[in-house]
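One structure is given here, and the rest of the page talks about it.
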Amino acid sequence: MTSPADDSALAAEHRELLAARLDEVLARLDDAAARAGRDSREITVLLATKMRTPPEIAVAIELLRERGRRVAVGENRAQEISKHADPLLADNGVPRHFIGRLQTNKARDVVAFAETIHSVDRDGIADALERRAETAGVQRDVLVQVNTSGEESKGGFAPTAEAIAPMVQRLLASPVLRPVGLMTIGANTSDAGAVRDSLQLLRRLRDAVREQTGAEHLAELSMGMSGDLEIAVEEGATIVRVGSAIFGARPA
Ligand SMILES: *Cc1c(COP(=O)(O)O)cnc(C)c1O
């Protein structure tokens with residue numbers, strides 16, 4: 001039980017529940033990495049923080065650090081960026097990423113918030129990010145989002161090297177943006193084979209585009225969420241984006 005004095009902290013029982021879920025996620029990650037002959041400590045666990053409160057995000061970060069994991073936070077709603085200025089989260093040294101649908105009119109906020117931007121999903125958005133980064137005098141790492149599942153609800157470039165390479169070239173020419181990888185949201189289906197196909201495709205596209213463009217830093221594969229992180233790790237994910245499996249179901 002918490003006393004009223006603990007209002008800003010997470011109730012002890014909530015903290016324990018969060019730790020139990022988080023350890024379950026890490027066990028899944030470790031098993032998948034072992035199957036693939038990978039070191040799971042090299043995989044970044046990106047906390048998908050949409051609709052989560054600063055106390056629960058702060059606890060998840062602390063637990064991941066205690067367990068020696070690479071941790072990042074990923075926000076996907078521009079209107080929730082301000083919560084990361086909470087004293088529980090400000091100046092914590094955790095890399096901040098933006099993982100949501102980008103809007104040109106929010107580019108300034110996103111550039112100010114995130115050192116890595118995962119969701120460059122169409123041509124015009126790179127121009128907006130570049131302009132804002134130049135004005136702010138900062139450099140930003142970006143990933144190109146690819147629609148590997150063909151689902152119409154999802155953003156991203158078509159899953160061909162021909163569709164993606166021009167954007168990577170455009171980013172390579174930027175003084176302030178640096179292409180560091182590809183991102184996808186796996187197929188939304190219970191068919192594990194279809195999910196694996198979509199994630200495997202991202203890896204093949206990264207390799208092909210890196211080769212074609214000479215983008216030597218194009219190393220990251222941001223893929224895998226609560227439901228498909230094992231498959232993603234087996235297929236080479238370097239960043240998994242996890243929300244509900246750690247924090248619990250999102251509030252409706
Ligand atoms: C919410 C979100 C996630 C995490 O989803 P969960 O299924 O809750 O793990 C990952 N990536 C993006 C882009 C998201 O918006």
Side-chain angles (χ1 to χ4, degrees), residues 17-18 20-29 32 40 43-53 56-57 59-61 63-64 69-81 83-84 94-103 106 109-110 113-122 125 129 141-149 151-157 159 180-192 194-196 198-199 202 220-233 235-252:
L17 189 59
L18 204 155
R21 286 200 211 96
L22 184 135
D23 283 329
E24 209 170 296
V25 165
L26 295 182
R28 289 170 59 195
L29 211 59
S40 69
I43 298 164
T44 295
V45 179
L46 179 150
L47 295 164
T49 56
K50 60 176 174 280
M51 303 180 78
R52 299 300 169 179
T53 64
E56 51 189 341
I57 298 166
V59 166
I61 290 169
L63 293 167
L64 284 166
R69 303 301 172 130
R70 283 195 186 166
V71 52
V73 295
E75 187 52 66
N76 81 332
R77 299 174 158 208
Q79 67 270 32
E80 289 192 43
I81 282 175
K83 83 182 171 207
H84 294 268
V94 175
R96 291 170 169 180
H97 296 217
F98 189 80
I99 61 176
R101 180 60 70 88
L102 288 158
Q103 291 171 269
K106 294 290 190 326
D109 297 341
V110 168
F113 168 72
E115 61 194 65
T116 305
I117 300 162
H118 288 226
S119 35
V120 171
D121 62 351
R122 60 195 189 277
I125 201 68
L129 293 173
D141 285 348
V142 305
L143 286 78
V144 177
Q145 184 171 349
V146 182
N147 185 348
T148 52
S149 66
E151 290 163 24
E152 270 182 35
S153 59
K154 288 180 183 147
F157 287 85
V180 297
L182 303 182
M183 178 272 221
T184 199
I185 297 172
N188 182 20
T189 165
S190 56
D191 176 354
V195 174
R196 188 177 298 278
S198 70
L199 301 181
L202 195 73
E220 305 289 353
L221 288 174
S222 169
M223 59 189 197
M225 309 182 4
S226 291
D228 59 4
L229 61 90
E230 292 92 342
I231 300 175
V233 166
E235 297 302 335
T238 62
I239 303 172
V240 292
R241 309 179 307 265
V242 191
S244 50
I246 290 176
F247 295 116
R250 272 180 286 282

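All values derive from a computational prediction rather than experimental measurement. For the single chain, residues carry numbers from 1 onward in sequence order. Both counts, for ligands and for their atoms, begin at 1 and track the order of listing.
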Can you list the ligand 1 atoms lying under 4.0 Å from a non-hydrogen atom of [X]?
X: Val242; answer: 9 (O)
X: Arg250; answer: 1 (C), 8 (O)
X: Ala48; answer: 3 (C), 4 (C)

* **Any donor-acceptor N or O pair under 3.5 Å, side chains Ser222, Arg241** =>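 Present: a donor and an acceptor within the cut-off.
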* Asked: With a 4.0 Å cut-off on heavy atoms, does His118 reach ligand 1?
  ->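 So His118 does not count as touching ligand 1.
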* Should the pair Glu80-Lys50 be classified as a salt bridge under the 4.0 Å nitrogen-to-oxygen rule? ->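 The answer is no: the pair does not qualify as a salt bridge.
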Checking a contact table here: which protein heavy atom is nearest [atom], and how many Å away?
atom: atom 9 (O) of ligand 1; answer: Ser226 OG, 2.5 Å
atom: atom 13 (C) of ligand 1; answer: Ile99 O, 3.5 Å
atom: atom 5 (O) of ligand 1; answer: Met225 CE, 3.6 Å
atom: atom 14 (C) of ligand 1; answer: Lys50 NZ, 3.0 Å
atom: atom 11 (N) of ligand 1; answer: Arg241 NE, 2.9 Å

[X] (side chain) donor-acceptor with [Y] (main chain) under 3.5 angstrom:
X: Asp228; Y: Met225; result: yes
X: Arg70; Y: Ser40; result: no
X: Thr189; Y: Asp191; result: yes

* Please check if atom CD in Glu115 has more than 12 non-hydrogen atoms from other residues, nucleotides or ligands closer than 6.0 Å. =>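 Correct, the count exceeds 12.
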* **N or O contact, Gly243 vs ligand 1, cut-off under 3.5 Å** =>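 In this structure, Gly243 places an N or O atom under 3.5 Å from an N or O of ligand 1.
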* Aromatic ring centroids of Phe113 and His84 under 6.0 Å? ->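 They qualify: ring centres under 6.0 Å apart.
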